[in-house]
Amino acid sequence: MMTLYGYFRSGTSHRTRIALNLKGLDYDDIAINLAQDEQLEDAFKAINPQGLVPVLKADDLLLYQSPAILEWLEEAYPEHALLPQDAAGRMHVRALSAMIGCDIHPINNRRILQYLRNELSVDKEAVIAWCNRWITEGFAALETRLAADKNRGQFCYGDRPTFADCYLIPQVSSARRFKVDLSAYPNIVAIDTHCRTLKAFAVADPMMQPDAPKHA
C-alpha cells in the first residue's frame with residue numbers, strides 16, 4: 001500500500017491519482033490543505049522541504065515531483081503501460097506532457113497566483129486574464145499537435161491512455177475553473193470527454209476526493 005500526500009484541486013496531485021488508478025494501484029490519501037498553507041508547516045516540510053504536493057510514500061521511499069513519480073511508477077509497475085513501446089512514441093508522449101507540465105501548469109499554479117494577488121495586488125479579473133492567456137496559448141499549440149496526428153485514437157496518443165492524458169485532463173479542469181472558452185480546441189475537448197467516461201479518470205476527479213468541499 002502506498003500513501004499519496006496531495007490536495008483535491010492540485011493539478012499535480014490530480015495527474016498522479018490518474019496514473020495510480022490507471023496502473024490499478026491501491027493507495028491511501030493524506031490531504032494537505034493548500035488553502036490553509038499546511039504545505040508550509042514543519043510536519044509536511046519534514047516530508048518535502050520544497051513544501052509542494054504531491055508526495056508519494058512507497059515503503060521507505062518518499063517520491064516527489066509528479067513527472068518523476070510517473071516515471072517511477074512506469075518503471076516499478078510496467079503493467080498497464082503509460083508510455084509507448086517505441087522510442088519515437090515515448091518521446092512524443094513526453095513532449096505532449098511537457099507542453100502542459102512545463103509550459104502551462106507552472107505559470108498558473110497556486111503559489112504563482114497567490115504572488116500575483118498578495119504581493120503584486122493584482123485583482124481577480126486580471127488574475128483570470130493571466131490564466132486565460134497562458135492556457136489558451138498552450139492549448140492552441142497542443143490542439144495543433146493533436147490534429148496533426150492522423151494515427152491518434154481517442155486519447156492524446158494512440159488508442160490507450162498515456163502520461164499525456166494524465167497531464168491533460170487536470171489542465172482542462174483548471175481551464176474550466178478559470179473560465180477558458182474551450183470551443184477552439186475540439187480535439188482536447190473530445191479527449192477530455194472520453195477520458196472522463198473511464199473509472200480511473202472519474203474517481204481521480206478533484207470533486208470526488210475526500211478533502212473536496214461538499215458544497216462546491
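These numbers come from the heavy atoms of this one structure, side chains and all, not from hydrogens, waters or symmetry mates. Residue indices begin at 1 and follow the sequence shown.
Looking at T136 and V180, their side chains come closer than 4.5 Å, going by heavy atoms from C-beta outward. Looking only at side-chain heavy atoms (C-beta outward), R117 and K124 stay at 4.5 Å or farther from each other. Side-chain atoms of R145 and M99, non-hydrogen and from C-beta on, do get closer than 4.5 Å to each other. Contact of the Y167 side chain with the C156 side chain is not registered, since no non-hydrogen atoms from C-beta on lie closer than 4.5 Å. Counting only heavy atoms from C-beta outward, the side chains of Y115 and L113 never approach each other to under 4.5 Å. R152 is listed as a side-chain neighbour of N187, based on a closest heavy-atom distance under 4.5 Å. At least one side-chain heavy atom of E143 sits less than 4.5 Å from a side-chain heavy atom of P186. Between I191 and V172 the shortest side-chain heavy-atom distance does not fall below 4.5 Å.
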Discussion item. Evaluate R17 against Y27 for side-chain contact (heavy atoms from CB on, under 4.5 Å), listing each step before the verdict.
Written reply: CA-CA 9 Å; R17 291 194 299 266; Y27 59 95; 3.7 Å; yes
Practice prompt. Apply side-chain contact (heavy atoms from CB on, under 4.5 Å) to the pair W72 and L56, showing each step before the final yes or no.
Written response: CA-CA 11 Å; W72 179 85; L56 183 67; 4.3 Å; yes
Practice prompt. Show your working on side-chain contact (heavy atoms from CB on, under 4.5 Å) between F155 and T162 and close with a plain yes or no.
Written response: CA-CA 8 Å; F155 299 96; T162 66; over 6 Å; no
Fill in: V53/Y64 under side-chain contact (heavy atoms from CB on, under 4.5 Å): CA gap, chis, key distance, verdict
CA-CA 8 Å; V53 293; Y64 53 94; over 6 Å; no
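Hydrophobic side-chain contacts under 4.5 Å tie M91 to no other Ile, Leu, Val, Met, Phe, Trp or Tyr residue.
Note that CZ of R9 is 6.5 Å distant from CE of M207, once rounded to the nearest 0.5 Å. The distance from atom OH of Y77 to atom CG of L82, rounded to the nearest 0.5 Å, is 13.5 Å. In this structure, CE on M2 lies 5.5 Å from CG on L20, to the nearest 0.5 angstrom. The CD atom of E71 sits 6.0 Å away from atom CG of L83, with the distance rounded to the nearest 0.5 Å. Between the NE2 atom of H105 and the OG atom of S97 there is a distance of 13.5 Å, given to the nearest 0.5 Å. Taken from CZ in F201 to OG in S173, the straight-line distance is 11.0 Å, to the nearest 0.5 Å.
A200 and N21 make their closest contact through O-ND2, 3.0 Å (heavy atoms, listed as atom of the first residue, atom of the second, distance). Here the closest non-hydrogen pair linking R110 and A35 is NH2-CA, 3.7 Å. In plain terms, the two heavy atoms of Q39 and N33 that are nearest each other are OE1-O, 3.9 Å. In this structure, A204 and I18 approach most closely via the heavy-atom pair CB-CG1, 3.6 Å. Across every non-hydrogen atom of H92 and D149, the tightest pair is NE2-OD2, 4.2 Å. When all heavy atoms of H14 and D205 are compared, the pair lying nearest together is NE2-CA, 3.9 Å.
Atom CG of D59 sits in a sparse spot, with 12 or fewer heavy atoms from other residues, nucleotides or ligands closer than 6.0 Å.
For K199 (side chain) and R196 (main-chain N/O), no donor-acceptor pair under 3.5 Å exists by modelled atom type. Panel note: side chain D211, backbone F8; a donor-acceptor pair is recorded below 3.5 Å. Using a distance-only test at 3.5 Å, with no hydrogens or angles considered, a donor-acceptor pair links the side chain of D123 to the main chain of A126. The closest donor-acceptor contact from the side chain of Q154 to the backbone of D159 lies at 3.5 Å or more, if one exists at all.
Results of the side-chain contact (heavy atoms from CB on, under 4.5 Å) test with C166 over I100, L73, L22 single out L22 as the only residue that passes. Shown are T12, I32, L34; of these, the side-chain contact (heavy atoms from CB on, under 4.5 Å) with Y7 is made only by L34.
By the rule that hydrophobic residues join a cluster once side-chain heavy atoms approach within less than 4.5 Å of another member, L61 and L25 end up as members of one cluster. L96 and L168 end up in the same hydrophobic cluster when Ile, Leu, Val, Met, Phe, Trp and Tyr side chains are linked at under 4.5 Å. Both F178 and L120 sit in one connected hydrophobic cluster of ILVMFWY residues. Membership requires side-chain heavy atoms under 4.5 Å apart, directly or through other members. A continuous path of ILVMFWY side-chain contacts below 4.5 Å connects L198 to F163, so both sit in one hydrophobic cluster.
Q114 and R111 share no donor-acceptor pair across their side chains, judged by distance under 3.5 Å alone.
Contacts of V189 classified as side chain to side chain contact (heavy atoms under 4.5 Å, CB included), with partners at least two apart in sequence or in another chain: L182, T193. Here P84 pairs with D86, R90, V93, Y157 under the side chain to side chain contact (heavy atoms under 4.5 Å, CB included) rule; sequence neighbours left out. For the ring pair (Phe, Tyr, Trp, His ring centres under 6.0 Å) test, no residue two or more places apart in sequence or in another chain qualifies with H80.
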Distance-only criterion, 3.5 Å: show the donor-acceptor pairs between side-chain atoms of residues 43-52 and protein atoms not counting sequence neighbours.
from: N48; atom 1: OD1; to: Q50; atom 2: N; distance (Å): 3.1
from: N48; atom 1: ND2; to: L52; atom 2: O; distance (Å): 2.8
from: Q50; atom 1: OE1; to: Q65; atom 2: NE2; distance (Å): 3.1

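Screening residues 124-144 for ring pair (Phe, Tyr, Trp, His ring centres under 6.0 Å), with sequence neighbours left out, gives W130-W134, F139-Y185.
R176 has a carboxylate O that lies under 4.0 Å from a charged side-chain N of D192, or vice versa, which qualifies the two as a salt bridge.
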